[in-house]
Engineer: 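Quick one: structure below, then a few questions.
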Amino acid sequence: MTRTEQLNRRTGVEGKRRGRWLALSVLVLAVLLIAVDATVLGLATPSLSEDLQPSGTQLLWIGDIYSFVIAGLLVSMGSLGDRIGRKKLLLLGATAFGAVSVLNAYATSPEMMIVARALLGVAGATLMPSTLALIRNIFHDPRERSLAIGIWGATASAGAAVGPVVGGALLQHFWWGSVFLINLPVMAVLVVVGVKLLPESKNPVAGPWDLFSVVLSLTGVIGVVYAVKEVATHGPTWGVAAAAVIGAGCLYAFVRRQFTLASPLLDMRLFKHRGFSGAVLADLLTVFGLSGLVFFLSQFLQLVQGRDPLEAGLAELPAAVGAVATGLVAGRYARRYSVRGIVAGGMAASGLALGALTLIHQESGYPLLGAALLVVGLGAGFSFTVTADVILSSVPKEQAGSASAVSETAYELGAALGIALLGSIVTGVYQSFTAPDSVPAPLADAAHESLGGAVEAARALDPQTAHAMVGAAQDAFVDGLRLASGVGAAVLLATAVAAWFLLRGQKLQDGIEH
């Protein structure tokens with residue numbers, strides 16, 4: 001080989017390597033888009049509650065309808081990306097996500113907000129599976145892929161940190177709808193740059209997209225999660241029982257149908273791999289344990305401790321800092337020590353930190369909360385990064401979209417169930433507080449709907465009565481938050497034990513794939 005040929009070959013290899021990391025920079029923008037949106041909603045909830053005046057049930061729907069819809073569609077969208085092209089689906093989804101963000105920003109009623117969040121879930125379902133699947137197909141060296149997944153996860157955590165800070169700054173000067181408009185510049189950069197930098201990839205033998213399976217998946221997930229949510233909030237009814245039966249029946253039919261299709265929407269044989277199944281279950285239960293805390297923490301910081309939105313956003317930074325720090329090194333430590341040790345250890349640390357939050361009260365100093373959030377982030381960074389790596393490395397790259405979708409479905413389903421069940425615990429305990437006898441019935445009813453409703457209703461009362469009612473409401477909210485933190489801690493610690501056994505012998509790949 002001549003010197004010129006060697007130089008050209010070396011330049012080509014370096015260009016490809018540089019191209020991979022430039023492509024990753026585009027993919028993490030999509031992750032940033034979703035992470036910022038999710039955390040901004042929690043921060044905007046108090047202002048949104050005062051403006052739109054949703055009931056307690058409507059407020060929970062605003063919080064979790066996005067997760068319901070996205071969980072129901074992730075498998076379908078991951079499979080669609082395998083068929084039509086992951087780049088194409090990602091760019092279409094990003095465009096739709098930006099457009100629907102405008103609808104969220106200008107919602108004028110709780111019902112409109114719920115519909116807008118649902119549409120955002122449809123768009124969001126196209127993004128996360130596409131990003132992970134493209135990483136699986138761009139990075140063939142497992143060690144490089146582990147680092148790429150770490151960066152992917154760290155960006156999600158950074159987005160979770162940037163969201164509250166940027167959102168808090170916006171809420172200081174603008175109305176709550178402005179927090180959704182920050183999606184637009186990120187979306188614009190993603191689409192414009194992604195067209196040039198992202199390589200297209202798809203499964204060349206994926207077969208047709210089965211629409212009936214899509215309907216079964218969506219109906220099944222929404223039916224089951226709705227039933228769980230309603231039982232937790234209002235108790236069992238015939239309507240809830242019907243939703244549960246329909247949802248479970250659709251999911252059963254979905255699974256049976258996948259076994260009969262030549263080109264299934266989801267290859268159920270993936271679950272025969274113990275590492276794959278264990279990682280998926282670990283993700284679902286970990287997010288379940290953490291989601292209730294994330295959803296109600298901003299309300300605690302603002303409506304109980306009296307922090308302004310920007311201060312509340314800064315107060316939540318330690319969790320993101322911890323997750324970024326451990327996410328970048330998780331793959332290296334999993335290879336040096338063990339996969340199950342890193343995953344189970346991370347979950348146990350997060351569980352113990354949540355347990356510490358059962359000690360909080362209205363006057364708790366920030367050191368307790370900040371330290372707990374830092375440990376939660378450290379543990380989550382380890383466990384989520386390694387489980388994502390296990391899931392992607394367990395399947396052929398042609399099925400990366402479906403595998404990524406399963407991973408994200410577990411994440412979103414865990415979030416939806418966590419907000420529904422743990423959120424219902426907070427709401428149930430909160431609604432048990434007793435308003436002063438002098439409070440008119442309509443105001444007392446509004447106060448019992450949500451803590452934001454109590455603060456708003458108190459404005460129509462004399463100062464002494466208002467102080468007494470808000471104080472009782474805040475105490476009840478903190479009692480509910482402590483109980484939910486305890487339940488979440490128990491779930492995480494139990495999941496850590498399960499992960500220790502399910503991930504036994506699991507290792508991350510080392511050799512370069514061809």
Side-chain angles (χ1 to χ4, degrees), residues 29-38 40-41 58 60-107 109-133 177 180-181 183-184 186-188 190-191 194 209-226 229 247 250-251 254 265-266 401-402 404-417 419-420:
L29 278 177
V31 178
L32 189 68
L33 190 73
I34 296 176
V36 167
D37 180 79
V40 155
L41 176 65
Q58 287 175 326
L60 285 177
W61 273 111
I62 290 171
D64 58 27
I65 187 62
Y66 171 83
S67 294
F68 285 4
V69 173
I70 203 172
L73 286 175
L74 275 168
V75 170
S76 301
M77 292 302 181
S79 179
L80 181 62
D82 287 343
R83 286 162 168 77
I84 70 170
R86 291 139 192 161
K87 172 183 176 179
K88 182 184 297 182
L89 186 65
L90 177 69
L91 297 180
L92 288 173
T95 303
F97 199 92
V100 178
S101 294
V102 177
L103 184 62
N104 279 261
Y106 292 99
S109 68
E111 294 80 7
M112 183 178 176
M113 189 68 188
I114 291 170
V115 171
R117 293 291 295 169
L119 292 175
L120 204 64
V122 176
T126 67
L127 300 180
M128 294 300 275
S130 298
T131 59
L132 264 180
F180 293 102
L181 299 181
N183 293 334
L184 297 180
V186 179
M187 176 275 296
L190 191 162
V191 173
W209 198 53
D210 185 49
L211 287 175
F212 187 53
S213 293
V214 175
V215 174
L216 288 174
S217 172
L218 179 62
T219 306
V221 171
I222 291 181
V224 169
V225 177
Y226 170 80
K229 169 185 163 49
C250 287
L251 289 179
F254 173 81
L265 210 64
L266 174 62
S402 295
S404 302
V406 171
S407 172
E408 292 304 318
T409 299
Y411 188 97
E412 295 298 338
L413 193 55
L417 290 173
I419 290 175

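Bear in mind that the values here come from a model prediction, so they are computed numbers and not experimental data.
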Engineer: Using every non-hydrogen atom in the two residues, find where L181 and A105 come nearest and quote the distance to one decimal.
Structural biologist: CD2-CB, 3.6 Å

Engineer: For L80 and L89: C-alpha separation, side-chain torsions, deciding distance, then whether side chain to side chain contact (heavy atoms under 4.5 Å, CB included) applies.
Structural biologist: CA-CA 8 Å; L80 181 62; L89 186 65; 3.9 Å; yes

Engineer: Under the side-chain contact (heavy atoms from CB on, under 4.5 Å) test, which residues partner S76, sequence neighbours left out?
Structural biologist: W209, V214, S217, L265

Engineer: Is there a donor-acceptor pair under 3.5 Å between the side chain of T95 and the backbone N or O of L91?
Structural biologist: yes

Engineer: Sequence neighbours excluded, which residues qualify as side-chain contact (heavy atoms from CB on, under 4.5 Å) partners of A107?
Structural biologist: M112, M113, W176

Engineer: Could you pull out all residues at least two apart from Y106 that satisfy ring pair (Phe, Tyr, Trp, His ring centres under 6.0 Å)?
Structural biologist: W175

Engineer: Of all heavy-atom pairs between L218 and V69, which one has the smallest distance, and what is that distance?
Structural biologist: CD1-O, 4.3 Å

Engineer: Applying side-chain contact (heavy atoms from CB on, under 4.5 Å), name anything that partners A123, two or more places apart in sequence or on another chain.
Structural biologist: A96, F97

Engineer: List in chain and number order the residues that pass side-chain contact (heavy atoms from CB on, under 4.5 Å) with L119, two or more places apart in sequence or in another chain; answer none if no residue qualifies.
Structural biologist: V100, L103, V115

Engineer: Can you name the closest pair of heavy atoms from M77 and V122 and give their distance?
Structural biologist: CE-O, 4.4 Å

Engineer: Compare every heavy atom of A94 with every heavy atom of L127, then report the nearest pair and how far apart it is.
Structural biologist: CD2-N, 3.5 Å

Engineer: Does some side-chain heavy atom of V191 sit less than 4.5 Å from a side-chain heavy atom of M187?
Structural biologist: yes

Engineer: Can you see which heavy atom on R117 is nearest to which on I65, and at what distance?
Structural biologist: CB-CG2, 3.4 Å

Engineer: Search all heavy atoms of V224 against all heavy atoms of G247 and return the closest pair with its distance.
Structural biologist: CG2-C, 3.6 Å

